[in-house]
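Data first, discussion second: the structure below is written as C-alpha cells.
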2 protein chains.
Amino acid sequence: MLNFSASEENYLKTIFHLQTKDNNVTTNELAERLHTRPASITDMMKKLKTRKLVNYQPYQGFRLTLEGKKAALNIIRRHRLWEYFLASKLKFNWDEVHEVAEQLEHVSNKKLIDKLDEYLAYPKFDPHGDPIPDTHGKMETSKQISLAELHLNRRARICYVANQSELLLEHLHEKKIKIGALVIVKRKFSYDDSLEIKLDNKPALTISGQLAKNVFVRHG
Amino acid sequence: MLNFSASEENYLKTIFHLQTKDNNVTTNELAERLHTRPASITDMMKKLKTRKLVNYQPYQGFRLTLEGKKAALNIIRRHRLWEYFLASKLKFNWDEVHEVAEQLEHVSNKKLIDKLDEYLAYPKFDPHGDPIPDTHGKMETSKQISLAELHLNRRARICYVANQSELLLEHLHEKKIKIGALVIVKRKFSYDDSLEIKLDNKPALTISGQLAKNVFVRHG
DNA sequence: AAATAAATTTAGACAAACCTAAAAAATAAC
DNA sequence: GTTATTTTTTAGGTTTGTCTAAATTTATTT
Ligand SMILES: [Mn+2]
Ligand SMILES: [Mn+2]
Ligand SMILES: [Mn+2]
Ligand SMILES: [Mn+2]
C-alpha cells in the first residue's frame, strides 16, 4: 500500500462516498463537498489519474479505480475505528467523534490500526451505525429493515423507500426525511403503531406506522 | 493556545530538547537534529520570531520564549501520552512507540488529549522513563539516583556524572556511556557490586560498582 | 440551430516548507 | 592582526496544494 498525503486521502475518501454504480462524480460536486474550488479538483484529478487511482477524462467526471477504492476503504477503516475508539474508550459523545477522527485517520501506520482493531475487539460498526471495513476492505452489509422493526435507541441510516408513490415522496419531503439520514427511534406507541424518531440529532418528530413500514434502514 | 503546523511543532519540540539554562541552540545543531539544511532553520527562526515563540538574533542562536516553551511542553505531553497509550493499551514494545507517536502528537484537540490522559489514569512517565507534562506543563522531576541504586529492569536515563575526573570521563567515553542515554540494569553481582547494564537497547555491558556510584539517572 | 447558461479546464499566482549555491559574519589559526 | 575555516544568512528555486480570472466545452433554452 503506497503512501498518500492528507489531501490525497481526503479526495479519495470523498470520491468513494460520492460515487454510485452508474454515476461518475462531478467536479463541482466534489469541490463543494471538500470546500475547495473546481480548479483545485481538476488539478488533483490529473495527479490522481497519473497515479492510477481514478479514471478521469476531461469534462466526463471521474470515479475510483480498483486501486483507488482499496485506498479509500483503508482510510475509511481508520476513520471509523478511531471514531469507535473515541466513543467506546474515551467516552466522547457519538456526535463529537467525527471531527477528531478526521485528523486521526491520516496517521498512517498499518500496525497501529491493526492493533487498535484488535484492542477494540474488531468492532463491525462505528458510532454512527456505519460499517467498519476490515484489513482487506470487506465490511458488513447489514440487512435492510423497516423503521417499524428498528429497536429503540439504536442508530441506523435511512437507505431506501418502498412503494415510492407521489404522495409518499411528498410526505417524506414535508417531514424532511432523506436517504442517508441518521435515525433513532425514541418511543413506540402500540396504540396506533406510530413512532417518535430523531433525525440527524434534530428535535424529535412523530411518524405514522404506515410511513414507518415503508422507510428502510440499515443497522440498528 | 494557538494552532501550529506539524513543521512548526517539530521545530518547537526539538529546540526545547536542545536548549539548556545557559546555552542557546545553534542553527547547525538544529539542522542536524531535524535532518534539514541550515538555510531552512534560518527561514523558520524568522517565522517563529515574528510569532514570538523564539528569541532570535542573527548569528546569536535562539531559545524559546515563555510562550514557545508552553507550546513545546504541550506537544511533548501529547507525544508521551500517546507513547504510553501505545505501550500500555495496544501492547507495542517500548522501542516501537516513538515513531508512531511522532505522527499522533500532531493531532491537536485539547479534549482528545485530556480524555486520553484521564483514560490512561494520568500516567507520570512514558515508556522510556521520561516524565509526562500535565495540562499546565508541569511534570515530575524524578529525583536523581545513582546507577548503583537503580532497580533491576527499570528504565532510566543518565542525567549527570559526579566526580568528573579526566580518568572517569575517558572511561565513560570508552564505554560509550553518554548523558541522555536510556539505561536498564539487567543483573547485579553482589560479589563485587558490578552491574550488567543495557544502554539504548544495545548489547549488554558490564560496569564496575565504582563507576555505577558516579553515574546518576532519573526515574527507574 | 443559435443563443444562453452552466460546468469544467487552463493560465497564472501565491504561501508553506523545503532545497542549493553564493555571500557575509563570526571564530580559529597562524 | 591578518588569513583561513567554520557557521550562518541571503538569494533564488522547487514542490504541493491552494486560489482567481479567463477560456473552453457541454448542456439547456428558445
Ligand atoms: Mn465520521
Ligand atoms: Mn470523516
Ligand atoms: Mn518519543
Ligand atoms: Mn518518550
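Every chain is numbered from 1 and lettered A, B, ... according to where its sequence line falls, protein lines coming before strand lines.
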Exercise. Using a cut-off of less than 4.0 Å, is there contact between a side-chain N or O of Lys47(B) and OP1 or OP2 of dA15(C)?
Worked result: no
For this session: For Met44(A) and for Pro58(A), find the nucleotide of DNA chain D with the closest heavy atom, then tell me which residue's nucleotide is more 5'.
Result: Met44(A)
Exercise. Taking 4.0 angstrom as the limit, do Lys115(A) and Glu118(A) come out as a salt bridge?
Worked result: no
Problem set entry | Passing candidate, side-chain contact (heavy atoms from CB on, under 4.5 Å) with Trp94(A), options Asp126(A), Asn201(A), Leu86(A) | Asn201(A)
Exercise. When you measure from the side chain of Asp43(B), which nucleotide among dC19(C), dA26(C), dT26(D) comes out closest?
Worked result: dC19(C)
For this session: Could you check how far CD1 of Ile41(B) sits from P of dC18(C), rounded to whole Å?
Result: 8 Å
For this session: For the pair Lys13(A) and Glu102(A), find out whether any cationic side-chain nitrogen is under 4.0 Å from an anionic carboxylate oxygen.
Result: yes
For this session: Pull out every residue in residues 2-16 of chain B that has a heavy atom closer than 4.0 Å to any atom of DNA chain C, ordered by number, or say none.
Result: Ser5(B), Ser7(B), Tyr11(B)
Problem set entry | Distance in Å, Leu112(A) CG paired with Trp82(B) CH2, rounded so as to fall on 0.5 Å steps | 8.5 Å
For this session: Assess the pair Phe85(B) and Phe85(A): is the distance between their ring centroids shorter than 6.0 Å?
Result: yes
For this session: Could you tell me the separation between the CD atom of Gln60(A) and the P atom of dT26(D), rounded to a whole number of Å?
Result: 7 Å
For this session: Give the intermediate values and the outcome of salt bridge (charged side-chain N to carboxylate O under 4.0 Å, His left out) for residues Arg77(B) and Asp114(B).
Result: CA-CA 10 Å; Arg77(B) 166 173 163 77; Asp114(B) 290 346; 2.9 Å; yes
Exercise. Under a 4.0 Å N-O cut-off, is there an ion pair linking Lys47(B) with Glu8(B)?
Worked result: yes
Problem set entry | Strand-adjacent residues in residues 21-40 of chain B, judged by heavy atoms under 4.0 Å from DNA chain D | Thr26(B), Thr27(B), Asn28(B), Pro38(B), Ala39(B)
Exercise. Are Asp95(A) and Arg155(A) ion-paired here, with the side-chain N under 4.0 Å from a carboxylate O?
Worked result: no
For this session: Give a yes/no on whether any side-chain N or O of Tyr56(B) is located under 4.0 angstrom from OP1 or OP2 of dT9(D).
Result: yes
Exercise. Should the pair Lys111(A)-Glu96(B) be classified as a salt bridge under the 4.0 Å nitrogen-to-oxygen rule?
Worked result: yes
Exercise. Which whole-number value in Å describes the distance from Lys46(B) NZ to dA16(C) P?
Worked result: 14 Å
Exercise. Whole-Å distance between dA28(C) P and Tyr59(B) OH?
Worked result: 16 Å
